[in-house]
Amino acid sequence: MTLPARFFCAPMAELTTPALRETIKSFGGEVVLCSEMLSAAAIVARSKHNEPLILKRDFEEPFVYQIVGTDAAVMADAARMLQERGCWSVDINMGCSAPDIAKTGAGARLLSDPGRAREIVRACRAAVSVKLSVKMRAGYDSSDPVRLVEFARMLESEGVDHLTLHPRHGRLGFRRKADWKLVALLKESLGIPVIGNGDITSPEGAVARLGETGCDAVMIGREAVKSPWIFMLCAELLDGLAREHVIPVRDIFIDVLGRLRDSLPPHLHKSRGHRFAFYYSKNAYFSHELFTRIRREAGIDGMIARVTDYYDAHPDEATIVICPARVREDGDAL
Ligand SMILES: Cc1cc2nc3c(=O)[nH]c(=O)nc-3n(C[C@H](O)[C@H](O)[C@H](O)COP(=O)(O)O)c2cc1C
């Protein structure tokens with residue numbers, strides 16, 4: 001099996017909204033998009049609140065729906081229902097270590113419960129014919145390479161089509177560096193494609209990790225929120241192009257906020273607007289000041305007004321110029 005792209009956008013709760021995905025896609029470049037993590041139980045209950053989170057437009061292909069939960073039958077039903085909506089893959093979350101998820105036994109907690117993880121994968125595999133994948137950390141409370149490979153081989157034997165590894169254990173959160181040696185180890189140990197993820201902050205880094213680890217694709221999370229154009233730069237770099245781009249950062253800020261307002265119900269505006277602004281404000285020189293002002297606003301129009309004020313005061317920051325370095329064939333930046 002080959003993957004449809006060498007770059008994936010990471011699933012991120014409250015961030016990988018239709019609004020952000022549309023902006024990412026508008027820059028072009030090869031990228032697989034993903035939903036926010038979706039509660040399997042809420043999907044199966046046909047919760048009305050879930051509808052805006054499941055929204056996916058035709059131009060978003062190839063698309064991954066990610067589900068989270070612990071009950072194999074419920075996970076399988078949710079996977080089937082999402083397949084019916086149309087997607088390239090359904091992904092099972094075995095990476096989230098947020099306390100409210102971990103305490104239910106879901107997400108990264110499944111890494112220390114291989115029996116349940118196996119049941120979930122088996123049920124989902126029987127339920128869908130689209131690709132089935134797992135996004136995992138290196139362990140729940142430690143990154144033991146032997147247990148990691150054993151667990152990943154179990155997933156492969158149950159029919160998972162590809163795996164994403166964020167090589168930190170669950171208790172680390174985002175502390176310490178992602179250990180990409182573990183991505184290389186999984187790639188050597190498995191027959192299915194392996195996607196590496198963690199701490200990519202530049203197109204040069206993404207291309208270098210592909211070369212160093214031999215992984216099939218690289219997934220980018222937080223940096224894709226700050227720089228939704230990163231997938232375009234990655235594709236150009238791989239093709240040996242090192243073009244300069246003038247990025248209208250101010251207009252993109254306002255566009256994404258406007259799309260959030262237009263595509264999501266009002267009760268989601270504050271959380272999604274703030275979460276996006278937290279990362280995207282980092283493009284501004286006085287990012288803390290900008291984000292602090294946005295955070296005082298509960299509505300999107302107020303947030304847009306604060307962005308407008310900032311760039312009216314700092315017009316030279318409204319665009320940024322980017323020119324990626326060239327990368328040698330072995331993956332190192334020149
Ligand atoms: C705000 C936020 C929300 C996240 N939500 C999810 C999620 O819903 N599902 C998931 O598998 N990982 C989630 N993650 C983890 C990312 O998918 C990714 O594995 C992690 O951020 C490391 O990649 P990065 O260093 O490129 O950001 C989330 C991360 C962040 C920062």
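Indexing begins at 1, ligand by ligand and atom by atom, following the structure's order. For the single chain, residues carry numbers from 1 onward in sequence order.
- Closest protein heavy atom to atom 8 (O) of ligand 1: M37 CB, 2.8 Å.
- Using a 4.0 Å cut-off to heavy atoms of F174, the atoms of ligand 1 that qualify are 20 (C), 21 (O), 22 (C), 29 (C), 31 (C).
- Side-chain contact of R272 with H274: a donor-acceptor pair under 3.5 Å is absent, judged by distance alone.
- Judged by a 6.0 Å distance limit and a 45° cone about the ring axis, K177 is not positioned over the six-membered ring of F174.
- In terms of polar-atom proximity, defined here as any N/O pair under 3.5 Å, A13 does make such a contact with ligand 1.
- Among R137, Q66, K135, the residue whose heavy atom lies closest to atom 12 (N) of ligand 1 is K135.
- Regarding atom 30 (C) of ligand 1, its nearest protein heavy-atom neighbour is M12 CG, 4.1 Å.
- Here's the thing with N93: one of its N/O atoms is less than 3.5 angstrom from an N/O atom of ligand 1.
- Looking only at heavy atoms of the protein, atom 18 (C) of ligand 1 is closest to N197 OD1, 3.3 Å.
- By the 4.5 Å heavy-atom criterion applied to side chains, E156 and I192 are counted as neighbours.
- Here L15 has side-chain heavy atoms under 4.0 Å from ligand 1, and that is the only part of it that gets that close.
- Ligand 1 has no N or O atom lying under 3.5 Å from any N or O atom of E223, backbone or side chain.
- Annotation for S143 and R168: closest pair OG-C, 4.1 Å, computed over non-hydrogen atoms.
- Residue C96 places every heavy atom at 4.0 Å or more from ligand 1.
- Within the 4.0 Å heavy-atom criterion, both parts of R222, backbone and side chain, lie near ligand 1.
- For E51 and R46, the salt-bridge test fails: no basic side-chain N is under 4.0 Å from an acidic carboxylate O.
- Counting only N and O atoms by type, the side chains of T23 and R259 include a donor and acceptor under 3.5 Å apart.
- Which parts of ligand 1 touch G198 is read off a 4.0 Å heavy-atom cut-off, strictly below it: atoms 23 (O), 25 (O).
- Under 4.0 angstrom from ligand 1, the non-hydrogen atoms of R275 all belong to its side chain.
- Atom OH of residue Y311 and atom OG1 of residue T319 lie 10.0 Å apart, to the nearest 0.5 angstrom.
- Residues in residues 283-298 take part in these side-chain hydrogen bond (donor to acceptor under 3.5 Å, both in side chains) pairs, two or more places apart or across chains: E297-R306.
- With a 6.0 Å radius and a threshold of 12 heavy atoms from other residues, nucleotides or ligands, R147 has its CZ atom at or below the threshold.
- Contact analysis puts Y279 in contact with ligand 1, with a non-hydrogen atom separation below 4.0 angstrom.
- Taking only non-hydrogen atoms, the option from G221, S97, S35, P11 nearest to atom 14 (N) of ligand 1 is P11.
- Ligand 1 lies out of reach of E14, whose nearest heavy atom is not under 4.0 Å from it.
- For ligand 1 and A10, the ligand atoms under 4.0 Å from any heavy atom of the residue are 17 (O).
- A salt bridge links E22 with R57: the distance from a Lys NZ or Arg NE/NH1/NH2 to an Asp or Glu carboxylate oxygen falls below 4.0 Å.
- Looking at heavy atoms from C-beta onward, K56 lies in side-chain contact with F63 at the 4.5 angstrom threshold.
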